[in-house]
Amino acid sequence: MKILVTGSEGYLGSLLAPELLNRGFEVVGLDTGFYKEAALFHRGQTTPLTLDCDLRRLEAKQLSGVDAIVHMAELSNDPIGQLAPEITYEINHRGSLHLAETARRAGVKRFVYMSSCSVYGVSEAELVDEESPVNPQTIYAICKTLVERDVRKMADDNFSPTFLRNATAYGASPRMRFDIVLNNLSGLAWTTREIKMTSDGTPWRPLVHGLDICRAIIETLNAPREAVHNQTFNVGDTNHNYRVREIAEIVAKSFEGCELAFGPPSTDNRSYRVSFAKIRKHLPNFQCAWDARRGAKQLHDLFQRIDMRPEVFQHRSFTRLKQLEYLLRTRQIDDRFFWTE
Ligand SMILES: NC(=O)c1ccc[n+]([C@@H]2O[C@H](COP(=O)([O-])OP(=O)(O)OC[C@H]3O[C@@H](n4cnc5c(N)ncnc54)[C@H](O)[C@@H]3O)[C@@H](O)[C@H]2O)c1
């Protein structure tokens with residue numbers, strides 16, 4: 001099976017592509033390379049041949065022979081949505097629709113979309129599941145709901161989309177992100193031996209390791225069409241709904257000598273607890289192998305091995321907003337986030 005992975009040079013894409021290659025899939029990447037400049041570490045794994053292409057300019061002929069697409073190439077967090085709302089709509093919503101429409105025309109049979117549990121936004125419910133109403137609070141999350149809505153309508157006998165609503169990821173990746181909660185707290189713990197929370201950490205966040213997201217994608221690709229056709233799955237584990245406070249405590253314990261302090265209640269009201277029962281039912285081979293404790297230990301051991309310095313932790317390449325602001329300021333990308341050269 002030939003798979004096109006968009007966003008193959010990102011945090012999750014650089015984990016997924018080698019996992020697919022190891023399992024005998026034929027893989028082609030596609031990435032415009034916003035974060036390509038630096039890798040936190042190297043591990044000598046095979047990377048796929050990659051189309052150096054912006055999603056918005058993809059043509060059907062580039063999809064020749066592709067059986068399935070795993071679509072990850074988007075502006076990947078809330079702060080970027082605030083920095084550039086119009087471009088977030090252009091890439092995340094319209095760009096994703098362009099990709100899905102082009103794929104459908106080119107005869108691609110499967111389309112696995114990386115959605116997010118952030119579509120649930122704020123919820124009073126004990127546990128939200130795939131049937132719960134969505135309540136997105138940011139442009140990033142709104143775009144996820146719009147792509148789900150519009151791509152769902154394209155499903156037919158020849159085109160099977162699947163929507164994976166991932167919990168917040170964590171864990172080591174060569175194209176590291178230190179702007180996601182567990183990775184950020186671990187980097188702080190390692191470089192400063194101190195975690196000073198600006199809030200009381202009461203909101204709930206479901207977490208999932210990047211490699212467990214890869215597992216869910218692989219199970220989706222291997223599943224019979226009926227099990228995944230036009231289905232939405234939350235990706236994570238119901239036992240891995242943590243309060244932010246708990247995540248901080250787990251990290252502080254994993255980094256010897258790390259001090260931990262909390263602040264006042266936050267104005268960021270996003271909080272949701274998620275049920276991950278459906279994916280276990282439809283894809284019985286899927287199970288998370290990681291939890292936050294093991295993830296924090298993985299990062300501790302990695303930072304020790306690579307002797308990670310504060311300047312590396314703070315480097316713009318590992319914080320998506322900082323890198324895009326830098327590329328804009330130095331005019332390497334234009335106002336629409338196309339490379340200028
Ligand atoms: N990391 C998480 O916690 C998480 C959680 C839920 C969902 N997701 C989703 O999973 C996907 C991957 O996330 P990630 O953490 O790996 O993000 P990332 O920012 O590390 O990677 C995204 C990749 O897409 C590329 N890209 C962006 N815009 C592009 C364009 N217009 N054309 C071509 N390439 C483009 C970037 O260069 C980057 O390599 C995203 O859609 C994200 O919203 C991530």
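In this text the structure is predicted, and so the values were computed from the model without any measurement. Ligands are counted one by one from 1 in listed order, and the atoms in each one are counted from 1 as well.
Ranking the protein heavy atoms by distance from atom 42 (C) of ligand 1 puts Y140 OH, 3.5 Å first. At the shortest separation from atom 4 (C) of ligand 1 among protein heavy atoms lies L12 CD1, 4.3 Å. What sits closest to atom 36 (C) of ligand 1 on the protein, heavy atoms only, is D31 OD1, 3.4 Å. The nearest heavy-atom contact from the protein to atom 10 (O) of ligand 1 is M114 CB, 3.5 Å. Among protein heavy atoms, atom 19 (O) of ligand 1 sits closest to S76 OG, 2.6 Å. L55 N, 2.9 Å is the protein heavy atom nearest to atom 32 (N) of ligand 1. The nearest heavy-atom contact from the protein to atom 21 (O) of ligand 1 is G10 CA, 3.4 Å. The nearest heavy-atom contact from the protein to atom 12 (C) of ligand 1 is M72 O, 3.5 Å.
By the 3.5 Å distance cut-off applied to N or O atoms, H71 is not counted among the residues near ligand 1. At a 3.5 angstrom cut-off on N or O pairs, S115 does not count as close to ligand 1. Looking at T32 next to ligand 1, an N or O pair under 3.5 Å apart turns up. Checked against a 3.5 angstrom limit, the closest N/O atoms of T168 and ligand 1 fall outside it. Not one N or O of A73 is nearer than 3.5 Å to an N or O of ligand 1, by distance alone. Checked by distance only, ligand 1 and I180 stay at 3.5 Å or farther apart across all their nitrogen or oxygen atoms. In terms of polar-atom proximity, defined here as any N/O pair under 3.5 Å, R320 does make such a contact with ligand 1. Below 3.5 Å of separation, one finds no N or O of L30 facing any N or O of ligand 1. Any N or O atom pair closer than 3.5 Å counts here, and F34 shares at least one such pair with ligand 1. Residue-to-ligand polar distances keep L75 apart from ligand 1: every N/O pair is separated by 3.5 Å or more.
For residues 218-246, the salt bridge (charged side-chain N to carboxylate O under 4.0 Å, His left out) pairs, not counting sequence neighbours, are R245-E249.
Which parts of ligand 1 touch G7 is read off a 4.0 Å heavy-atom cut-off, strictly below it: atoms 23 (C), 24 (O). Interface atoms of ligand 1 facing R177, defined by a heavy-atom separation under 4.0 Å, are 1 (N), 14 (P), 15 (O), 17 (O), 20 (O). Numbered from 1 in the order shown, with element, the atoms of ligand 1 that lie under 4.0 Å from a heavy atom of A169 read 1 (N), 2 (C), 3 (O).
Not a single heavy atom of S173 sits under 4.0 Å from any atom of ligand 1. G95 does not count as a contact of ligand 1, since none of its heavy atoms falls under 4.0 Å from the ligand. Using a 4.0 Å heavy-atom cutoff, Y170 is absent from the residues neighbouring ligand 1. The closest approach between A167 and ligand 1 falls below 4.0 Å for a heavy atom of the residue. Contact between S118 and ligand 1 is absent, with no heavy atom of the residue lying under 4.0 Å from the ligand. Using a 4.0 Å cutoff on heavy atoms, R175 does not count as a contact of ligand 1. Remark: distances from the non-hydrogen atoms of K144 to ligand 1 include one below 4.0 Å.
Side chains of E74 and S96: a donor-acceptor N/O pair is present below 3.5 angstrom, by distance only. Side chains of D291 and H209: a donor-acceptor N/O pair is absent below 3.5 angstrom, by distance only. Donor-acceptor pairing under 3.5 Å is recorded for the side chains of Q137 and N135. With hydrogens and angles left out, the side-chain atoms of Q231 and K278 include a donor and acceptor closer than 3.5 Å.
Distance check: L55 CG to L99 CG gives 5.5 Å after rounding to the nearest 0.5 Å. Distance check: L30 CG to L49 CG gives 11.5 Å after rounding to the nearest 0.5 Å. Going from atom OH of Y11 over to atom CZ of R175 covers 14.0 Å, rounded to the nearest 0.5 Å.
Cation-pi check for R177 over Y170 is not met; the charged atom does not lie both under 6.0 angstrom from the ring centroid and within 45 degrees of its normal.
Ring-plane geometry between Y113 and F163 is classed as perpendicular, the angle between the planes exceeding 60 degrees on a 0 to 90 degree scale with a lower cut at 30. Taking the six-membered ring where the residue is Trp, F303 and F255 present tilted rings, their angle falling between 30° and 60°.
Within 6.0 Å of NZ on K153 lie more than 12 heavy atoms contributed by other residues, nucleotides or ligands.
Between F178 and F313, the ring center distance clears the sub-6.0 Å criterion.
When the heavy atoms of R57, E9, E74 are ranked by distance to atom 22 (C) of ligand 1, first place goes to E74. Of the candidates L16, I87, D54, D54 brings a heavy atom nearest to atom 31 (N) of ligand 1.
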- side-chain hydrogen bond (donor to acceptor under 3.5 Å, both in side chains) assessment of E148 paired with S115: CA-CA 8 Å; E148 288 190 9; S115 188; 2.7 Å; yes
- Message: One pair to check against side-chain contact (heavy atoms from CB on, under 4.5 Å): L182 and Y242. What are the steps and the verdict?
- Response: CA-CA 11 Å; L182 191 144; Y242 300 92; over 6 Å; no
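Taking each heavy atom of C288 and H240 in turn, the nearest pair found is CB-CE1, 4.2 Å.
L97 and V119 are members of different hydrophobic clusters when ILVMFWY side chains are connected at heavy-atom separations under 4.5 Å.
If you look at C117 next to ligand 1, there are no close heavy atoms at all, none under 4.0 Å.
Between the side chain of T319 and the main chain of D179, no donor-acceptor pair closer than 3.5 Å is present.
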